[in-house]
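Heavy atoms only: backbone and side chains are in, while hydrogens, waters and symmetry mates are out. Every number for a ligand or one of its atoms is a count from 1 in the order of the listing.
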Amino acid sequence: MFNAAIKAVDVVLNVSLSRRTVLCSIRHYCKKSSKKLRVSEALEGSDVGSNITVEGWVRSVRSQKDHLFVHVNDGSCLQPLQIVASSELNDALLTFGSAVEVTGCLKQSPSRKQPVELLADQINVVGGCDTLEFPFKIKERHGLDYVRQYPHMRCRTNVFSSMMRIRSAASAAIHSHFTERGFIQIHTPVITSNDCEGAGELFQVEPSGQTTEPDKNFFSVPAFLTVSGQLHLEVMSGAFSRVYTFGPTFRAENSQSRRHLAEFYMVEAELAFTQSLEDLTKVMEDLFRSVTEQVLDRCSEDVDLFHQRVSPGHRAVVEAMLKESFTVISYTEAIDILNRSSHNFVFPTTWGCDLQTEHEKFLVKHCGNLPVFVTDYPYDLKPFYARDNLDHPLHTAAAVDLLVPGVGELCGGSLREDRLDLLTARLAQAGMEDTYDWYLDLRRFGSAPHGGFGMGFERYLQCILGVDNIKDVIPFPRFSHSCQL
Ligand code: 4AD
Ligand code: MG
């Protein structure tokens, strides 16, 4: 069929090595004018019969006696568009990895493998690709560990390109989730003079080449990259009862773990007139469910790639998380469960200890491999802002973490200490009452009981996709001893 369509062949070679156009006129029944389409639009099929142009990168080239089959992907979806051309159009520059512009007639494909294909009469190699030097090889399935070594190239692989589309869709879903529920988005600052978590994991910010002597600080005070937008959200929650922020967060954690980054994205929400942890856990669960449902719906092919190839069996875990309601246990119950288990933990557990990843993962398994909220942590484990439960003899704070399969801690939140006397006392104890005078003001002028939480965006992606290493779910990972690009 294709052969018969070719009447006159016209090959035009451009002299430039990096840019070459190969033309072939094919008689077909397309309209003359050409319309530029993304690959995803072409695959939808509504332009069958039209002359179209697509631009993208070659994922494979197969040359047969008369025909050339080229797969082109432009990142708009997982599937490539199959280009069928006369072998006359074959060219040394038309290789795996090269950037091309293809024009031809969009047809229904005779094969079941793809709905449509493009009968090309022009293939323009916009940028050649040295396949010997190119880190990825045609037809090879490279593992995530290998792909991670090429942060500037890994977007060319199917798996990473799917990840980036999912990440983008999840980000959009988070914004629409909050917008639909009447939350106001606040752009909290990246540079700040406070240490919200008080954990000393701050990166200091100064102009390069300047000293960090206190009286010579650029901002006149020591300034840092934010570890959390919470305190700024708390300011705003004094006027807007529902606020959220979603942005980069920085922690100088000297950790090479599979769930820590020095720069990660955090979604944080703050709700005024909130008096119970239950109100917060409802918001956290609702966020997890609605964003996950949207991602599964909008990126089904990309998500399937992870659930089939990267983490087989993970689909069932995700479906169970969506079907079952999340468990709630107190920290005290959690310690009890851990103490009663016969598991040999590296870090022994006693009431008052922080939960380690091994404990969190155990608790998730114990609760049926489903998300579990752990509430009411020891008061001394939580930052100054956490609300004192004023309970005796244990002394806990109204704080909650959400633990999820495969990851452990996904969210951390709390009710905030809204009682001026208690907050003043706690800040004074830490010698911070002057620095946080403005924070005390929030309790002086129309204070309302409030609370909020933060969800690590990368950990969320790890959880729904079953990705073991956090470095594989962020475009450009930053961690100790590594800041590539
Ligand atoms: O539990 P965290 O430290 O809570 C806060 O920062 C609160 N101020 C949030 C709030 O109430 N508004 O951090 C929240 C979440 C963690 O549960 C975890 O998922 C993620 O942020 N996270 C990290 N993700 C990647 N790399 C790191 N180094 C992370 N540290 C925390
Ligand atoms: Mg935490």
Side-chain angles (χ1 to χ4, degrees), residues 174 178 183 186 188 192 194-203 224-237 242-272 274 277 280-281 283-284 287-288 331 354-357 359-360 364 371-375 377-378 381-387 397-417 439 450-464 467 469-474 477-480 482:
I174 284 167
F178 282 118
F183 282 71
I186 305 293
T188 50
T192 173
N194 66 60
D195 176 8
C196 173
E197 294 305 291
E201 294 166 338
L202 300 166
F203 287 105
F224 313 98
L225 295 179
T226 186
V227 294
S228 162
Q230 176 193 322
L231 301 185
H232 301 96
L233 280 189
E234 281 193 65
V235 169
M236 292 298 172
S237 75
R242 300 270 180 283
V243 287
Y244 82 101
T245 187
F246 182 17
T249 313
F250 307 85
R251 301 211 179 166
E253 273 177 295
N254 203 359
S255 166
Q256 293 287 335
S257 92
R258 289 164 181 269
R259 47 172 231 160
H260 289 93
L261 290 166
E263 175 179 317
F264 61 99
Y265 274 67
M266 207 199 309
V267 188
E268 293 179 88
E270 197 68 28
L271 297 94
T274 293
L277 280 184
L280 279 187
T281 57
V283 177
M284 290 152 97
L287 172 71
F288 183 91
Y331 168 90
D354 214 350
L355 296 182
Q356 304 294 326
T357 310
H359 307 136
E360 293 170 351
V364 168
V372 50
F373 288 110
V374 179
T375 66
Y377 280 79
L381 282 185
K382 291 294 164 185
F384 66 91
Y385 54 70
R387 194 173 199 275
V400 57
D401 277 5
L402 174 60
L403 315 181
V404 293
V407 171
E409 181 190 336
L410 171 67
C411 301
S414 75
L415 296 181
R416 318 308 187 189
E417 185 55 80
Y439 191 68
H450 63 289
F453 66 90
M455 176 176 90
F457 185 50
E458 284 73 25
R459 290 195 190 172
Y460 168 74
L461 293 171
Q462 284 187 276
C463 167
I464 61 162
V467 174
N469 196 326
I470 196 165
K471 300 171 186 85
D472 296 330
V473 298
I474 187 160
R478 271 85 182 89
F479 49 99
S480 57
S482 178

[atom1]/[X] to [atom2]/[Y] distance, rounded to the nearest 0.5 angstrom?
| X | Y | atom1 | atom2 | answer |
| --- | --- | --- | --- | --- |
| Leu461 | Ile474 | CG | CD1 | 9.5 Å |
| Asp354 | Glu360 | CG | CD | 8.0 Å |
| Met455 | Cys463 | CE | SG | 9.0 Å |
| Glu201 | Cys196 | CD | SG | 11.5 Å |
| Thr245 | Phe183 | OG1 | CZ | 13.0 Å |
| Tyr439 | Leu231 | OH | CG | 5.5 Å |

Exercise: identify the closest heavy-atom pair between [X] and [Y]:
| X | Y | value |
| --- | --- | --- |
| Asp401 | Gly413 | OD1-N, 4.3 Å |
| Leu261 | Pro477 | CD2-CB, 4.0 Å |
| Tyr377 | Leu381 | CD2-CD1, 4.4 Å |

Inset, instruction - Scan for salt bridge (Lys or Arg N to Asp or Glu O under 4.0 Å) pairs involving residues 455-464, sequence neighbours excluded, and state none if there are none. - result: Arg167-Glu458
Would you say the side chains of [X] and [Y] form a donor-acceptor pair under 3.5 Å?
| X | Y | result |
| --- | --- | --- |
| Thr249 | Glu263 | no |
| Glu234 | Tyr385 | no |
| Ser480 | Glu253 | no |
| Arg259 | Thr357 | yes |

Under 4.0 Å from ligand 1, counting heavy atoms only, is it the side chain of [X], its backbone, both or neither?
| X | result |
| --- | --- |
| Tyr265 | neither |
| Ala262 | neither |
| Arg459 | side chain |
| Leu410 | backbone |

What atoms in ligand 1 come closer than 4.0 Å to a heavy atom of [X]?
| X | result |
| --- | --- |
| Tyr385 | 7 (C), 8 (N) |
| Arg259 | 25 (C), 26 (N) |
| His260 | 26 (N), 27 (C), 28 (N) |
| Gly452 | 11 (O) |
| Gly412 | 1 (O), 9 (C), 10 (C), 11 (O), 17 (O) |
| Cys411 | 17 (O) |

Inset, instruction - Can you figure out which of Phe264, Phe457, Tyr244 has its heavy atom closest to atom 22 (N) of ligand 1? - result: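 Shortest heavy-atom distance from atom 22 (N) of ligand 1: Phe264.
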Inset, instruction - Please identify each residue that fulfils side-chain hydrogen bond (donor to acceptor under 3.5 Å, both in side chains) with Ser482, with sequence neighbours left out. - result: none
Counting non-hydrogen protein atoms only, what is the nearest one to [atom]? Give residue, atom name and distance.
| atom | result |
| --- | --- |
| atom 6 (O) of ligand 1 | Arg251 NH2, 2.8 Å |
| atom 17 (O) of ligand 1 | Glu409 OE2, 2.6 Å |
| atom 26 (N) of ligand 1 | Leu261 N, 2.9 Å |
| atom 4 (O) of ligand 1 | Glu197 OE1, 3.9 Å |

Heavy atom of [X], distance to ligand 1 below 4.0 Å:
| X | result |
| --- | --- |
| Ile470 | yes |
| Glu270 | no |
| Glu458 | no |
| Tyr460 | no |
| Arg416 | yes |

Inset, instruction - May I ask you to decide if the ring planes of Phe246 and Phe457 are parallel, tilted or perpendicular, using 30° and 60° as cut-offs? - result: perpendicular
Flag [X] as yes when one of its N or O atoms lies below 3.5 Å from any N or O atom of ligand 1, and as no otherwise.
| X | answer |
| --- | --- |
| Glu268 | yes |
| Gly456 | yes |
| Glu253 | yes |

Legend entry - Results of side chain to side chain contact (heavy atoms under 4.5 Å, CB included) for Val364 - residues two or more places apart only: Asn369, Val372, Leu403, Pro405
Legend entry - Proximal protein heteroatoms (N, O or S) of the Mg ion (ligand 2), under 2.8 Å: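 Within the sphere that stays under 2.8 Å of the Mg ion (ligand 2), the protein atoms of type N, O or S are Glu409 OE2.
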